[in-house]
Amino acid sequence: MDKDKKMYVLGMFPYPSGDGLHVGHVRIYTAVDVMARYFRMKSFDPSTRSTRSGLLQARVLAPMGWDAFGLPAENAAIKNKTIPQEIVPKNYNNFREQMKALSFSFDWEREFATTDPTYYGLTQWIFLELYKKGLVYREQVPINWCPKCKTGLANEEVLPDGTHERCGTATGKKDLPQWVMKITKYADRLLSDLDMDLGEDFDKGLSFDSPQLAQDSQATRSLDWPRGILEMQRNWIGKKEGVRLFHKVEGMDLQLDAFSAYPIWCFADTFMVIAPEHPLVKELVKGSEYESSVTKFIEESAQITAEQRTEEKFEKKGVFTGRYTNDPFNPGSRLPVWVANFAVMGFGTGIIRCSAHDPRDYEFAQKYNIQLKEVVERIDPLVPVNAHTNEGVLKDSGPFTGSKISSQTIEEVKEWIEDQKIGRRETTYHLRDWVFSRQRYWGEPIPLVHCKTCGVQALPEKDLPLELPDLKSYEPTDTGESPLSRVTEWVKTTCPKCGEEARRETDTMPNWAGSCWYHLAFAFWKNANRQDGEKSTHDVLEVYRKSQSDTPYTDFWREVARPAIDKYLPVDWYLGGAEHAVLHLLYARFWNKVLYDLGHLSFTEPYLRLRSVGMVLAPDGRKMSKSWGNVINPDDVVKQYGSDPVRLYEMFMGPWDQVTAWDSRALVGMRRFLERVQKAYEDSPLDQETSPLLLQKLAKLVAHIERGIVEQKFNTCIAGCMEFVNEWKNGSLVLSREHMGNFAQIMCPFAPKTAQKLWEIAGHDSSSKVEALGWPQIEVKEGEIGLPVVYAVQINGKLRAVVEVASEVARDKEQVLKQVRASQTVAKWLVGEPKRTIFVAGKLVNFVLV
RNA sequence: GCCGAGGUGGCGGAAUGGCAGACGCACGAGACUUAAAAUCUCGCGGUAGCAAUACCGUGCGGGUUCGAUCCCCGCCCUCGGCACCA
């Protein structure tokens, strides 16, 4: 094996809740373990066979850790009247034991929790790197607020009807200063890199000459992610190139800017709409006869929750402001300005130019009798053409009258707009900046200090990690501030710049922070459980912290972390749930790009191949949920059936990427199969020659499993194994000792315990490990075995017979046709000479009579 | 409305242009057993037939092809995600 090659297989690390591992987790991590075990065997180098640790030299990384900060643990601790520091380790220790019980062969000496100060010190260091790069800023951002509990709430604590999930009070919003990350600065790259050629980053993991991986090197080496998830990322970023258009309000010194993504249709616009929450609305009507009606409308709109607003039946409503603007597209015309609830702040400018060519605008204009104009002849006489089609020939459109709409004329219009100085090109994004503050206890403290004279100061690297103080009471405060703000002795500090008294930032980081870079940490992480006597990451970092350097973390990153990261990253296979399709993946990609720009990483995309698992439903076909009482606990089934049958069942139950309902009865089939194989091994003498048919099947099975594993078609791999055993035992066929060993080897990724037992029954002693000699290679040359080839014979495309042809002539068309025609059944159907004969070598003959 | 994934026996599913229903579950019959469980053997899409066999059959309608579960066009349904996005 090429020493520069590696394989990094990663399952999205779990949030260790008190309920323990879920069968959905088991489905993901069994797949990760199957792949990891396969790649380890595959990476075995026969030339190092004599060295004791040929396997250990292979650079296959399959780590596991715990995403342990965040709201659920904090709320669970509050509920149980304890502290997160106590329940979190309890939870992840339980997760680890459950995983070990399932024989997951993860690199346990690399395990960590994001709540470990050694880990979150590095998270804080990365935060400061982003901060120093100017990607973190402070802004007033509204949070969800429960006026009764006097507490800030996460979105998930607010029910769809806008009430607080715990007390039922209607929630509101409260403005708080928050730290925000400028992810929008990276919007373009986050979008275009989805299609970028990743070059050699992609090649590093190609050493295992597996079927699909071999294909990759020939295809474009852009991200190999499910199409749907790529699409969701694109939509979430939501890049729109358009124009910002300027309008003067008649009789006022006021400009209204509107964004348009379809500028070529602007000649049709006949009115404008402004969002009720737009800051200029009040100014527009101040002191006019419209003031009261508009104010009333604003108040009404404010009471409607965002949820209600997005309901389908939601009625488009508005009121006239009494104001008009000029229309730069139709000089001399004026556009009435309405306030309407279908305009929202936060997209575009909050002000829209409206026309008959937008169904929503059209509906609104019809309702309020606003004059309309159309610039493209209708196709359907009942409705105006929709601008989104961007098709048609313009009429009544100033200098563009008579132009056919095309990408070229759209460009011309944009140019014309800029020439006329009535607007300018602008790109908008759906993506917003990322609110990074949480007014919560259980998260990484944000390592900033507020000084009266020096303003906000970053904590020096030497002071990291900034540890979370142990608190007995950590419930949210009634001002909405973080619970940390109450801990006077912790908050009180000195300014790193001037040394005067200063206050620590009391907000903590969101749950996402730890998961933004954990895949990097696994590359260099060493925990204290190591057997090999090497220093743990904690100890190494301590040495740096106690050194003279002012930048111990930067030094550590450069000297320790970076070389290991370069060795293993990017992640070759990333397996997890589709629920992270947008946020986690986007945030992690964002941090990766920033770290790349800072020179801390050598690659721009963290996850090369992404696969999402299908949900496991309860036996009743519904989602598993405590409230339905239909949750299957993996502990119970492992106890009842054993770990190998559970692993096998999770892989066998259906296509890995599709939803399937759990069926405990089907599980017994897995145990039966494993017992049957073991019996078959015990009954087989070890001194036989393998039957030719079986040898051929075994060779095919090995190839099938290799392809199946990299394509995540685990279900058919297992079916293939079952089929093989059925062939073996139902016929009077025999397997040699060597081939019995081979079958044990290919079973190993799926059912490692059973595979080891089979290996031993096949004559190896227990000090020999089934995975230790690599992946079996069985070569059968075509024709060597001399088995007859089965031809399907069709008449007019309809199957009429099946004919065996001796292997020596099985590829010779003339000979095959002769033999096929000799069959009685074929002769019966073959009336007259065929007009055409289709011959597919080794497979099929089709006589076409008509 | 848009985007995505699906629709095949009683059930989970297999077959990605070439023998539809592999493999497993459930079910039925038989063997073993005093009996049951377990295990083993056989059967198991529908219709007709004692049978050989024939016809029908992969959500619906059309098309391409010697040949379509698979590719193309138009619909229907289920699940997941997003949405007054200007």
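Here is the naming used below: chain letters follow the sequence lines, and residue numbers restart at 1 for every chain.
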Can you tell me the distance, in whole Å, between the [atom1] atom of [X] and the [atom2] atom of [N]?
{"X": "A/K843", "N": "B/rC19", "atom1": "NZ", "atom2": "P", "answer": "8 Å"}
{"X": "A/L799", "N": "B/rA20", "atom1": "CG", "atom2": "P", "answer": "5 Å"}
{"X": "A/R671", "N": "B/rG24", "atom1": "CZ", "atom2": "P", "answer": "16 Å"}
{"X": "A/R622", "N": "B/rC79", "atom1": "CZ", "atom2": "P", "answer": "14 Å"}
{"X": "A/I838", "N": "B/rA68", "atom1": "CD1", "atom2": "P", "answer": "12 Å"}
{"X": "A/I795", "N": "B/rG67", "atom1": "CD1", "atom2": "P", "answer": "14 Å"}
{"X": "A/I718", "N": "B/rA22", "atom1": "CD1", "atom2": "C1'", "answer": "14 Å"}
{"X": "A/L586", "N": "B/rG81", "atom1": "CG", "atom2": "P", "answer": "19 Å"}

Looking only at the side chains, is there a donor atom on one of A/T184 and A/D433 sitting less than 3.5 Å from an acceptor on the other? yes

Same-atom distance ([atom1]) from [N] to [M], integer angstrom:
{"N": "B/rC72", "M": "B/rG7", "atom1": "P", "answer": "15 Å"}
{"N": "B/rU69", "M": "B/rG49", "atom1": "C1'", "answer": "29 Å"}
{"N": "B/rU58", "M": "B/rG17", "atom1": "C1'", "answer": "15 Å"}
{"N": "B/rG4", "M": "B/rA86", "atom1": "C1'", "answer": "25 Å"}
{"N": "B/rC66", "M": "B/rA14", "atom1": "P", "answer": "30 Å"}
{"N": "B/rA20", "M": "B/rU53", "atom1": "P", "answer": "15 Å"}
{"N": "B/rA15", "M": "B/rU78", "atom1": "P", "answer": "27 Å"}
{"N": "B/rC40", "M": "B/rA54", "atom1": "P", "answer": "35 Å"}

For every nucleotide of nucleotides 41-57 of chain B, 5' to 3': is a protein heavy atom under 4.0 Å from its base (B), only from its sugar-phosphate (S), or from neither (-)? S------------SSS-

Spell out protein contact along nucleotides 5-14 of chain B as letters: B when the base is contacted, S when just the sugar-phosphate is, - when no protein heavy atom is under 4.0 Å; keep the 5' to 3' order. -------BSS

Determine the contact category for A/Q794: base if any of its heavy atoms lies under 4.0 Å from a base atom, sugar-phosphate if only primed atoms, P, OP1 or OP2 are that close, otherwise nothing. base

So what does A/A666 hit on the nucleic acid, given a heavy-atom distance under 4.0 Å: a base, only sugar-phosphate, or nothing? sugar-phosphate

Please list, one pair per line, the donor and acceptor atoms closer than 3.5 Å that link side chains of residues 652-660 of chain A to other protein atoms, with sequence neighbours excluded.
unit_1, atom_1, unit_2, atom_2, d
A/W656, NE1, A/R27, O, 2.9
A/T660, OG1, A/Q658, O, 3.4

Determine the interplanar angle of the A/W338 and A/Y368 rings, folded into 0 to 90°, and report it as parallel if under 30°, tilted if 30 to 60°, perpendicular if over 60°. tilted

Which of parallel (below 30°), tilted (30 to 60°) and perpendicular (above 60°) describes A/F320 and A/Y324? perpendicular

Closer than 4.0 Å, any side-chain N/O of A/N726 to the OP1 or OP2 of B/rG24? yes

Distance test, side-chain N/O of A/K835 to OP1/OP2 of B/rC66, below 4.0 Å: no

B/rG62, syn or anti by chi within 90 degrees of zero: anti

Keeping [X] on the side-chain end and [Y] on the backbone end, is there a donor-acceptor pair under 3.5 Å?
{"X": "A/D358", "Y": "A/R360", "result": "yes"}
{"X": "A/K367", "Y": "A/K316", "result": "yes"}
{"X": "A/T321", "Y": "A/V337", "result": "yes"}
{"X": "A/Q712", "Y": "A/V710", "result": "yes"}

Taking only the side-chain heavy atoms of A/M670 (C-beta and beyond), determine which of B/rG24, B/rC3, B/rA22 contains the nearest atom. B/rG24

Salt-bridge criterion met for [X] and [Y] (N-O under 4.0 Å):
{"X": "A/E231", "Y": "A/R234", "value": "yes"}
{"X": "A/R821", "Y": "A/E833", "value": "yes"}
{"X": "A/E411", "Y": "A/R425", "value": "yes"}

If you count heavy atoms of other groups shown closer than 6.0 angstrom to CD of A/Q824, is the number above 12? no

Nearest 0.5 Å, what's the CZ-CG distance between A/R665 and A/L667? 12.0 Å

Nucleotides 38-40 of chain B: which of its N/O atoms have a protein N/O under 3.5 Å away?
unit_1, atom_1, unit_2, atom_2, d
B/rU39, OP1, A/R672, NE, 3.3

In what stems does RNA chain B take part, counting only runs of at least 3 consecutive Watson-Crick or G-U pairs whose two distances fall under 3.5 Å? B:1-7 with B:76-82, B:10-12 with B:23-25, B:27-31 with B:39-43, B:45-48 with B:53-56, B:59-63 with B:71-75

Taking for A/Y429 and for A/K623 the nucleotide of RNA chain B with the nearest heavy atom, the one nearer the 5' end belongs to A/K623

Extract all donor-acceptor atom pairs below 3.5 Å that involve side chains of residues 257-266 of chain A and protein atoms in other chains or at least two apart in sequence.
unit_1, atom_1, unit_2, atom_2, d
A/D257, OD1, A/Q255, NE2, 2.8
A/D257, OD2, A/R244, NH1, 2.8
A/S260, OG, A/Y262, N, 3.1
A/W265, NE1, A/A387, O, 3.4
A/W265, NE1, A/N390, OD1, 2.8

Would you say the ring centers of A/W662 and A/Y649 fall short of 6.0 Å from each other? yes

Is the closest side-chain heavy-atom distance between A/V413 and A/V243 below 4.5 Å? no

